[in-house]
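Beneath this line is the structure, given in structure tokens, with notes to follow.
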There are 2 protein chains.
Amino acid sequence: MNQIRPSTRDAIIEAAFLVFAENPGAALGDVAARAGVGRATLHRHFPGRLELMRALAKIAMAELDHAVAQATADAQSYEEGFRLSLEAIVPLANRQWFLANEGLQVDDEVAKAYRKSRSELCRDIELAKQEGLFDPALPTQWIAETYESLIYAAWSMVRAGDATSNQAADLAWRTFSNGLKGMSK
Amino acid sequence: MNQIRPSTRDAIIEAAFLVFAENPGAALGDVAARAGVGRATLHRHFPGRLELMRALAKIAMAELDHAVAQATADAQSYEEGFRLSLEAIVPLANRQWFLANEGLQVDDEVAKAYRKSRSELCRDIELAKQEGLFDPALPTQWIAETYESLIYAAWSMVRAGDATSNQAADLAWRTFSNGLKGMSK
DNA sequence: GATTCATGAGACATATATGTCTCATTTGAT
DNA sequence: ATCAAATGAGACATATATGTCTCATGAATC
């Protein structure tokens, strides 16, 4: 063994997303335990809590960006784009949650990128209004808030065992598009 | 001055809701500072963090119950009931949030009451389905999750200064009812 | 004006989380 | 099988939050 095992690092990261989603103030020892790893090992991979949080934020951002880009690569309309994005994000809802609630506070670069992606979301929403997907009279900010909120609602359904990711994403999409519907739909 | 000033206690409680909404792990010193009160004074009113959290949970529960009961006293239908409830809850969204995210973990009695009120919500949703307010094919749990999520979405709008409580509650109501609409509406 | 009591400030001890270090053990590569 | 490196367990010091206490101050009651 001549290098840090990637699997150990991955286990810590996945455990951290799970534990911090339950309790953002959880101790690093809890994260290590959940990962099935010693506390010292966690510190070898991430010097401190801040560095771990930063890494999680960057990973969350990267995974979300990649998943959405992948899913919407061949979308033919904003309607399709939003639907496919929801499907892609719901399974990563814990990333989205961590990013929005913890990530922004620990890394300026991440915060900046998040603001940018939020403004792109708003731009897409306004273009989708022109496509007739949303009621143009609704505030763009409200549509964005609804979008994010329904991701969390879908996440709750999955966690509670009341739906699969796909089922929850479908419910979110139907509620989203019907709830904010424009005239042409 | 021959008794603990109620205003001090109220200031601590209000500050605690504000501070814990921003950061649930905030130190009691932060709460005291926000309340414009010494840390020792906070401990005189609430022996420890747990007791403060418990008090907040009970207060949140009581305020929400009262506000909803008041608002829906003369509702003539489930449609009206849900609309008026939303209007009543949105200004208390920080209570709702605290209750759901922190309160349940610190007080069994509160947790039990919360589960009861959740099951009453689900019962109302099913009755509202019969009234034609919601699509009967939608899972009741999804409707409940959507309801709660839109409260938080509305709260975000208010915090960001993008809407008043009434405006945000109206947006939430329209999105809620349109998004989950039944046939007869 | 005298009294009473909540308050504010700060000292203090304690508990918990954090971060570092050591050393024996295990694991993967050669 | 041997070696190098990562790991686990635990000791240790430190930082921060917590909870208690004391004392001086200020405000309300008499």
Side-chain angles (χ1 to χ4, degrees), chain A residues 1-60 98 101-108 110, chain B residues 1-60 98 101-108 110:
Chain A
M1 185 182 291
N2 49 8
Q3 68 176 6
I4 293 182
R5 284 188 308 178
S7 63
T8 297
R9 183 184 166 91
D10 289 347
I12 292 170
I13 290 168
E14 197 54 42
F17 277 123
L18 289 172
V19 169
F20 287 144
E22 292 170 12
N23 171 21
L28 297 185
D30 296 341
V31 174
R34 180 73 70 98
V37 149
R39 201 167 63 87
T41 298
L42 186 150
H43 279 286
R44 285 188 192 100
H45 287 265
F46 307 95
R49 170 181 272 270
L50 184 59
E51 289 81 2
L52 173 59
M53 300 288 268
R54 268 202 244 269
L56 293 174
K58 289 180 190 299
I59 289 164
F98 182 89
N101 291 279
E102 305 294 321
L104 299 186
Q105 297 170 13
V106 296
D107 192 297
D108 287 344
V110 166
Chain B
M1 183 181 293
N2 49 7
Q3 67 175 8
I4 293 182
R5 284 188 310 178
S7 63
T8 297
R9 182 185 166 89
D10 289 347
I12 293 170
I13 289 169
E14 197 54 41
F17 277 123
L18 289 173
V19 170
F20 287 144
E22 291 170 12
N23 171 20
L28 297 184
D30 296 342
V31 174
R34 180 74 71 95
V37 148
R39 201 167 63 87
T41 299
L42 187 151
H43 280 285
R44 285 186 192 101
H45 287 266
F46 307 95
R49 171 181 271 270
L50 184 59
E51 289 81 1
L52 173 59
M53 300 289 266
R54 267 202 245 270
L56 293 175
K58 289 180 191 299
I59 289 164
F98 182 89
N101 291 278
E102 305 294 320
L104 300 186
Q105 297 170 13
V106 296
D107 192 297
D108 287 345
V110 165

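The structure presented is a predicted model; accordingly, all values stated were derived computationally and were not measured. Chain identifiers are assigned alphabetically (A, B, ...) following the order of the sequence lines, protein sequences preceding nucleic acid strands; residue numbering begins at 1 within each chain.
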Quiz prompt | Glu22(B) bridged to Arg34(B) by N-O distance under 4.0 Å | solution = yes

Quiz item: Which letters describe nucleotides 14-21 of chain D, given B = protein heavy atom under 4.0 Å from base, S = only from sugar-phosphate, - = neither?
Solution: ---SBBBB

Quiz item: Taking atom P of dG8(D) as reference, at what distance in whole Å does atom CZ of Arg34(A) sit?
Solution: 17 Å

Self-check item: His45(B) vs dT7(C): side-chain N/O to OP1/OP2 distance below 4.0 Å
Solution: yes

Quiz item: OP1 or OP2 of dT7(C) less than 4.0 angstrom from a side-chain nitrogen or oxygen of Thr8(B), does that happen here?
Solution: yes

Quiz item: Quick check: does any side chain N or O of Arg54(A) sit under 3.5 Å from a backbone N or O of Val106(A), one acting as donor and the other as acceptor?
Solution: yes

Quiz item: How far does CE of Met53(A) sit from CG of Leu50(A), to the nearest 0.5 angstrom?
Solution: 8.5 Å

Practice problem: Can you measure from CG (Leu104(B)) to CZ (Phe98(B)) and round to the nearest 0.5 angstrom? | Solution: 10.0 Å

Self-check item: Rounded distance (nearest 0.5 Å) linking atom CD of Glu51(B) with atom CG of Leu56(B)
Solution: 11.5 Å

